[in-house]
Every structure is written in structure tokens, then in C-alpha cells.
Amino acid sequence: MLRQVIHRGLKSFFYKLGLFVSRHPVFFLTVPAVLTIIFGFIFLSRYKTERDLESLVAPSHSLAKIERSLASSLFPLDQSRKQLYSDLHTPGRYGRVILVSKPGGNILLQAEQILRIHQAVLEMKVSHGGYNYTFSHLCVLGNEEKKCVLDEIISVLEDLRQAALSNKTTARVQVNYPKTKLKHKQLAYI
């Protein structure tokens, strides 16, 4: 009984709707088209393409995003006088080496190995197109000196090595994070 009442009500409603649409065809052809154009322009004007490839490809909990946030926390961009730290955060055509100590270890105690790796990178040669490229051909140039910009931690490690080689207790180098003073009283961010 209830089903028949619902059936009759829907049947008469759609019959009357069909009659109304057939008697006013211009309205039902133009109004939907005009509304589509208006709403289309409103929403297309707010449409912005996503240009960040990482957010399109990598999941939000991916290892790459976790490592980038770690690099951001360890090497803040606003404390860098030179733009080397920004290279850790942004994609580009460069290589980077991040050395990490063993759990519970101190990376500053391995200054000699780090400086050897640094020297190996400086001496690396690549042949391409009949020309041998070295680090000095491909490095980031400083604005003032027009020479390769090196990370300031290298200067700190060289000061540590000189202090160890001099074997003097007065030649101690005190290293603080995020900024430390080099032997020439120059302030360096590490």
C-alpha cells in the first residue's frame, strides 16, 4: 500500500516536471549553460597548478620529506651568510655529501677523515666533451672573491686539525652550535 502511494506520487511529480520542461525549453537550455559558464570561470580563476614535484610524487610521510625537514632543522636557511645551506633544501643540479657519525659518536672527532673526503672531492676530475672538469669549474662562486664557496664547517675542521697538530693546550678550538668563532675571530655558522 505504501509502495503504491509513493509510486503514484513520484509518477505525478515527474509527469508535471516533464510538462513544465517541455513548455519552457528555452529556459532549460540557456540557464544550465549560463550557470556552467559562470561557475566555471569562478572556479577556474581560483585554479592553481601545483609546481612542487615532491608534493605530487612523494607521500607526505616519505623518507625524502623527513630528511629535508631534518636538514632544515640542522641547517636553518636564515643563518647562512652563503647560500650553501639552501642547496640542502632545494632540488638542483649539484651533489651534496652529508656525513653522520655513528650513534653516540661525535663527528668532530673524525675531522681528519672528513678533510680527506673533502680533499678527494676537490681533486675529482670528470672528462666530458674533450674537456676535464674539476671542482673549481663546477663550484658555487662567491660574490666578493669570485672563488669557490666552501662550507664553513671545513674551516672549523681545519682549525681543529691545526690545533691538534700544534699539540698546544693554548691552541684549543672551542666549537659551538649554531655559530662558532674561527681562529681569525671570524664568526661561522655550522
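Just so you know, these numbers come straight off a predicted model, no measurement behind them.
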Distance-only donor-acceptor hits, side chain of residues 2-24, under 3.5 Å, sequence neighbours excluded:
residue : atom : partner : partner atom : Å
Ser12   : OG   : Arg8    : O            : 3.4
Ser12   : OG   : Gly9    : O            : 3.1
Ser22   : OG   : Gly18   : O            : 3.3
Ser22   : OG   : Leu19   : O            : 2.9
His24   : ND1  : Phe20   : O            : 2.9

>> Through direct or indirect side-chain contacts below 4.5 angstrom among Ile, Leu, Val, Met, Phe, Trp and Tyr, which residues connect to Ile66?
In response: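 Direct or chained contacts put Ile66 with none.
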Residues 100-122 side chain polar contacts: donor-acceptor under 3.5 Å, at least two apart:
residue : atom : partner : partner atom : Å
Ser101  : OG   : Gly105  : O            : 3.2
Asn106  : OD1  : Leu108  : N            : 3.0
Gln119  : NE2  : Glu123  : OE2          : 2.9

> Is the closest side-chain heavy-atom distance between His128 and Tyr133 below 4.5 Å?
Replying inline: yes
>> Once side chain to side chain donor-acceptor pair (under 3.5 Å) is applied, do any residues pair with Ser127, and if so which ones, sequence neighbours excluded?
In response: Asn132
> Among all residues two or more places apart in sequence or in another chain, which pass the side chain to side chain donor-acceptor pair (under 3.5 Å) test with Tyr131?
Replying inline: His137
Pairs under 3.5 angstrom only: tabulate donor-acceptor contacts from the side chains of residues 31-47 to other protein residues two or more places apart or in another chain.
residue : atom : partner : partner atom : Å
Thr36   : OG1  : Pro32   : O            : 2.7
Ser45   : OG   : Phe41   : O            : 3.2
Ser45   : OG   : Ile42   : O            : 2.7

